[in-house]
Amino acid sequence: MDYTKVEEIKDSIIIRDIKNFDLTHIFECGQCFRWKRIASDNYIGVAYNKVIELEKKGQDLTIYNSNLRDFNLIWKSYFDLDREYNSIKDSLSEDQLLKKAVEFGHGIRILTQEPFELIISFIISSNNRIPMIKKVIDNICTRFGERLQYKGEIYYGFPSIDKLHLVTLEELKACSAGFRAKYIYETCKAIYENKSSIDSILGLTDDACHVELQKLSGIGPKVADCIMLFSMSKYSAFPVDVWVKRAMQNFYLAPEVSLKGIRIYGRDKFGALAGFAQQYLFYYTRENNIKV
DNA sequence: TGCCAGGAAAAGA
DNA sequence: TCTTTTCCTGGC
């Protein structure tokens, strides 16, 4: 457990002595798209149809617009607070490059986000840049999500499958999804018609989950790895995007090794902690703009 | 204007 | 099975 205690104080909760927790590291490491930076120690975002505001002061984290019930039900697992990141970091730091990456992104935590939201979000991420991904997701939420309020501002939750499967291909295109609109449309249909049940995918082993996710339209190896890592607690996933590819080819492998080969090597090298290793590597190489 | 970034699907070898 | 081409959008 990476905190000592939780207190509820009128519409907010305070988590004391929180360890391995940095808002910037968590929200800027490419795993989520719906958090808005107010300041380095202050973010507002929407998850599980709730708006919350986070503020980190010293070693304490305050979650505004929440309560103890939601903390136990949602936020404790969302922020992966029961996990001791020190042991993960110590283990990964035996590798010299990883040691640097871990020091750089010392406050990263892997979130447990909503699987359906992540399936759609990472379909949108394919061949797409982060600002554009955020814009498309925002368009979808604004048009089809539940309307929420906080401090007089309007926010929108991510639409449920019950809502999104009714949306037409044209409406999805109008959200600037481009060629991915068709993938979203088809995947929503498949999930809604229960050809592919999210709950049953959740129960699979990591390898079976990776295979099963790729049966959905618009999901290949990288997107499947992201979904299982960021929403299904399957930590042997090793998403290989252009940044991780650069890092791996630069520091561990020959330049001609394929994406598939890089994934196999990463999972073999880092085992059950591959997903954590990938996150530290991704954040380190992207923030430092390490290319070649 | 043209070119680039960014993964999956479909076509080709 | 592996490799190449096409898809869409915003920014330079």
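Just so it is clear, the values below take in all heavy atoms, side chains as well, and ignore hydrogens, waters and symmetry mates. Every chain is numbered from 1, with letters handed out A, B, ... down the list of sequences.
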J.: Tell me the closest heavy-atom pair linking A:Ser40 and A:Leu23, and the distance in Å.
T.: O-CB, 4.1 Å

J.: Where the side chain of A:Ser126 is concerned, which of B:dG7, B:dA5, C:dT9 is the nearest nucleotide?
T.: B:dG7

J.: Could you check whether A:Lys151 pairs with A:Glu53 (Lys NZ or Arg NE/NH1/NH2 to Asp/Glu carboxylate O, under 4.0 Å)?
T.: yes

J.: Salt-bridge test for A:Asp80 and A:Arg83: reply yes if a basic N is under 4.0 Å from a carboxylate O, no otherwise.
T.: yes

J.: For A:Arg129 and for A:Lys260, find the nucleotide of DNA chain C with the closest heavy atom, then tell me which residue's nucleotide is more 5'.
T.: A:Lys260

J.: Describe, as an angle rounded to 10 degrees, how the axis at the first end of the helix from B:dG2-C:dC12 to B:dA13-C:dT1 is tilted relative to the axis at the last end, five pairs per end.
T.: 40°

J.: Regarding A:Arg16 and A:Glu7, does a basic nitrogen lie under 4.0 Å from an acidic carboxylate oxygen?
T.: yes

J.: Is the A:Trp35 ring parallel, tilted or perpendicular to the A:Tyr78 ring (thresholds 30°, 60°)?
T.: tilted

J.: Could you tell me whether A:Lys36 and A:Asp138 have a side-chain N and a carboxylate O separated by less than 4.0 Å?
T.: no

J.: By nearest atom, which of the nucleotides C:dG10, B:dG6, B:dA8 is closest to the A:Pro221 side chain?
T.: B:dA8

J.: Can you identify which nucleotide, out of B:dA9, C:dG10, B:dG6, has its nearest atom closest to the A:Lys135 side chain?
T.: C:dG10

J.: Heavy-atom contacts under 4.0 Å between residues 222-242 of chain A and DNA chain C, which residues?
T.: none

